[in-house]
Amino acid sequence: MQHESSSDAFAGDLTPSWLSGTPVRVEPPESGEESPRHERVDVDALTKGLTEPQKAAVVTTEGPVLVLAAAGSGKTRVITRRIAYLVNVLGIPPWQVLALTFTNKAAGEMRERVTHLLGGEGSRQMRGLTVTTFHSLCARLLRRYAIAAGLKEDFSIYDSGDQASLVKKVIEACQFSTANFPPRSVLSAISNAKNQLLGPSEYAARAMDFSSRNIAKIYAGYEKALRGANAVDFDDLLMLTAKMLKEKAEVRDELRERWQYVMVDEYQDTNKAQFVIASLIAGEGARASGSTAAPEGRPTGANICVVGDPDQAIYGWRGADISNILDFEQHYPGCKTIPLGENFRSTAPILAVADTLIRNNKRRKHKDLFTKKAGGDAVEAILCRDERHEARLVTGWLRKVHEGSTEETKYRSTAGNAEDLKSISSGTSVLGHSGTFPWKDMAVFYRTNALSRVLEEAFREANIPYTIARGTAFYDREEVKNAVGYLRVVANAADDVSLERVINTPARGISDATVDKLQLEATRAGVPLLEICRRVDPSWAAADMLNARAVGSVQKFVQTYDMWTGAGTFLGATVSGSLADLVDRVIKESGIEDMYRKQAAQSKSETDEERLDNLAELVSSARQFELEYDPSSDAAMDVPTRGGAAATPPLLALLRAYLESIALVADADAVDPSQGSVTLMTLHAAKGLEFPAVAMVGMEEGLLPHSRAVTSPSDAEMEEERRLCFVGITRAMQRLLMTAAKYRTMRGTPERTIPSRFLAELPQQHLRVSDQSDTFADLGAEWDEGRGEDVEFGAGRPMRPAGASSGSASSGGRAAAGMAGQFPAGCTVRHPQFGIGTVKSVSPGAQARAVIEFREAGTKTLVLEYARLTRVG
DNA sequence: CAACGACGCTCGAAA
DNA sequence: AGCGTCGTTG
């Protein structure tokens, strides 16, 4: 989102409008109100312009339906019209319709398009219609039915950072070492378990080996700590909801009664928990109640309609189970399957490339992709020298596409690096391309976030407006995390992880040692950390538990905290009713604003100024949220009996909803074409989107497919990588560029790469391949050491690994160990770039480093690449 | 008690 | 290249 680009050129409206997202609008059927049948439109209007299969998907409303929607087959169009058809033509009350997506962006778009079809915002035909994400729905349900779920309604939602610090504490508390049990892998094991609906005891029952038995202990401790902090993690949102729906018949029946029609988008990416949630809400038989306005002759069976494409399943690693969609027909016997194969998005060459690629997968439901459109540019594939060359080449390509001209003079005037542009037009003159494209119609995809950095630099250099799709980027900033940390403790006094983060930020004399002591007391007493802080008084100093200074600091902190909450009532005179005011007060009175202001004054660096801006922006985002928030969406969850909602102070409810919206932001939510900039994002975030012009970078073995898939013994991961590549290709409507770099610097060391096998799988007749890796003598001079064997790029057969020598230069501790002997201190060496130098010292260890003084360069330099050193004396 | 530098390890995608 | 941890110093 726009927070990413600090440069003035790209600064637009700084209000994150997506933040308000799509409040879940859930309203009860008010008794006595009639279904809004009277504003019906013609059936023909809703099915106009649709193909026969699309029409079938719109009007087949009863019973289970599986829509196999190939990429670009008009899926969203079908779903939105189907909802409109249900409400407008069949007269189904809108509150009986539930549509689930994966991102807020998708939900917002769907809602907007349905709103358009159903007479605008506020229309009676929209009332209570629920279009939202799985995670939002679950968060709402868990608050509404907190007791049934075994929670308290003011729970916090922990993000991965919070999870990491919590699990680390637990590992230590279990007397394990974080070396033997890296928090990262423990968390991934726990996440996997939760996605399969295995709680700590179920997990323990399955844990046979030493390691997983211990992980089971950590898992149990982690769950206990979460509940103690009155918190849930992302996976809990799904798991606890699924569990509640399974175990609590009253809740299940209530929701089943309410949502008679369930739709799930991107069904291929659902995991077990999501499968259970969707099917339990949809139910399986005829409803007992006759009070709802169902059309006559409705067959029995769940009205569940799932839409997806097995070829686009890319979330296996986070528990998505592709068999949910592959086996849907078995789960729901008698279901109707509607394949949508015709592509309305991409040109024929792009589609042919995608189709040829995906045919290499074995585990799939084959369907023919076809388009009726003719013509279109060939897909371009370019081999670059290194990642910097690649980035410049991509910006050059984008500018050329933007300006819609092959005349060199045209871009020379704006680009500033004519060399780049020359390289593009030379050799591969592009014929018959399709006019000009605004920046917002273009996107760059990459496999890993690490690749975005070089691209950013190139975009700034080329002066092309860009936006990075990282929804959470803003909330990942240190200063914002601190402010949000305070707010979370305000909303949930038991939130120990957040309290620990902020209790001494800014430094207020509560040291780590003090916090440890308090924490120990809290654990002993079984109460939250803040509660222990409350109990601190001078007697603690007398008893030698804390020093007197610490006692004062803690007491002062508790006082400050109580000012914000009105001592827990939120009704105290010092607390205004405005969320933005609260956020503003917390930022000021906590001292974090002053802290950053001082830093900014001292360092005078731009990033410190930015921090202050970000804090100000957080306040304005709260104000924006406040303006757009619809309290009835929360209150109306109190189905069917009203009342009780008033017990929660409005400000607290508002704060909770705000924090929830922050927690559930998705990367893809940050995609905002109205910004008029090129969008940079991961291939995963690109799912579900489309762009007239697309560039995919880093088409190399080890990146796409990712190295983990390359080393994996099973085909499953490799097939998922191929689908990921397929997803990227099929986002492109008219122009597609794929690039690979011959050399790429990863983890600080440059390495020779091998072009992706996927490039070799593409059909040659639709590709325009060019090797430009030798175009720039200046850029690549340091690499010219006779290692450049020719790369056969997309030769229609698998790539031969480019020589066994390629990786040896910088990998392996074995060679590193010998370095000290090879280059003793005092010896003279030659480096291809820095010239003659003297070795000052060599550090042993796996990461061998030599400090070398180069006379010619006149500087001391750390050299990691000993392979490029030659001893001369 | 805070701040800083040296050192060593890791490194995939995400709600 | 980035991050967290450790030890030293102010």
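Computed from heavy atoms alone, side chains included, the values below leave out hydrogens, waters and symmetry copies.
Within 4.0 Å of A/Q163, counting heavy atoms only, lies no atom of the nucleic acid at all. Residue A/N449 is in sugar-phosphate contact alone, with no base atom involved, counting any heavy-atom pair closer than 4.0 Å across all strands shown. Among the heavy atoms of the strands lying under 4.0 Å from A/K168 are primed sugar atoms or P, OP1, OP2 only; no base atom is included.
The aromatic ring of A/H706 does not sit over the base of B/dA13, since the test of centres under 5.5 Å and planes under 30° is not met. Here A/W317 packs flat against the base of B/dA13; its ring centre is closer than 5.5 angstrom to the base's six-membered ring, tilted by less than 30 degrees.
Contact between the side-chain N/O atoms of A/S511 and the OP1/OP2 oxygens of B/dC1 is found at a separation under 4.0 Å. Between A/T682 and the phosphate of B/dA14, there is a side-chain N or O to OP1/OP2 separation shorter than 4.0 Å. Proximity of A/N504 to the phosphate of B/dC1: no side-chain N or O atom is located under 4.0 Å from OP1 or OP2. Taking 4.0 angstrom as the limit, A/R184 places a side-chain polar atom (N or O) nearer than this to OP1 or OP2 of B/dC11. Proximity of A/T514 to the phosphate of B/dC1: a side-chain N or O atom is located under 4.0 Å from OP1 or OP2. Listed pair A/K194 / B/dA15 fails the phosphate criterion, with no side-chain N or O lying under 4.0 Å from OP1 or OP2.
Looking at the side chain of A/A513, the nearest of the listed nucleotides B/dC1, B/dA15, B/dA2 is B/dC1. Closest contact between the side chain of A/H684 and the listed nucleotides B/dA13, B/dA15, B/dG12 involves B/dA13.
Side-chain contact, A/H684 with A/W317: a donor N or O sits under 3.5 Å from an acceptor N or O. For the 3.5 Å distance criterion, the side chains of A/D495 and A/S156 qualify, holding a donor opposite an acceptor. Side-chain atoms of A/S511 and A/T514 form a donor-acceptor pair, as typed in the model, at a separation below 3.5 Å.
Distance, A/L137 CG to B/dA15 P: 17 Å, rounded to whole Å. Straight-line distance from the CE atom of A/M239 to the P atom of B/dA15: 20 Å, rounded to whole Å. Between the P atom of B/dA14 and the CG atom of A/D159 lies a distance of 14 Å, rounded to the nearest Å. If you measure from atom NZ of A/K105 to atom P of B/dA14, you get 15 Å, rounded to the nearest angstrom. Rounded to whole angstrom, the span from the CD1 atom of A/I662 across to the P atom of B/dA15 amounts to 15 Å. Taking atom CZ on A/R708 and atom P on B/dG12, their separation rounds to 6 Å, with Å as the unit. Rounded to an integer number of Å, the gap from A/D667 CG to B/dG12 C1' is 13 Å. Taking atom CZ of residue A/F134 and atom P of nucleotide B/dA15, one finds them 15 Å apart after rounding to whole Å.
Of the candidates A/R447, A/R744, A/R757, A/E700 forms a side chain to side chain donor-acceptor pair (under 3.5 Å) with just one, namely A/R744.
A donor and an acceptor atom sit less than 3.5 Å apart, one in the side chain of A/R447 and one in the base of B/dA13. At a cut-off of 3.5 angstrom, the base of B/dG12 holds no donor-acceptor pair with the side chain of A/E720.
In this structure, A/A663 and A/I510 both approach DNA chain B, and ranking their closest nucleotides by distance from the 5' end singles out A/I510. Projected onto DNA chain B by closest heavy-atom contact, A/A550 and A/E721 fall at different nucleotides, the more 5' of which corresponds to A/A550.
Because its NZ or CZ atom is not both nearer than 6.0 Å to the ring centre of A/Y315 and within 45° of the ring axis, A/K687 does not count as a cation-pi partner of that residue.
No side-chain donor-acceptor contact under 3.5 Å links A/S712 to the backbone of A/R708.
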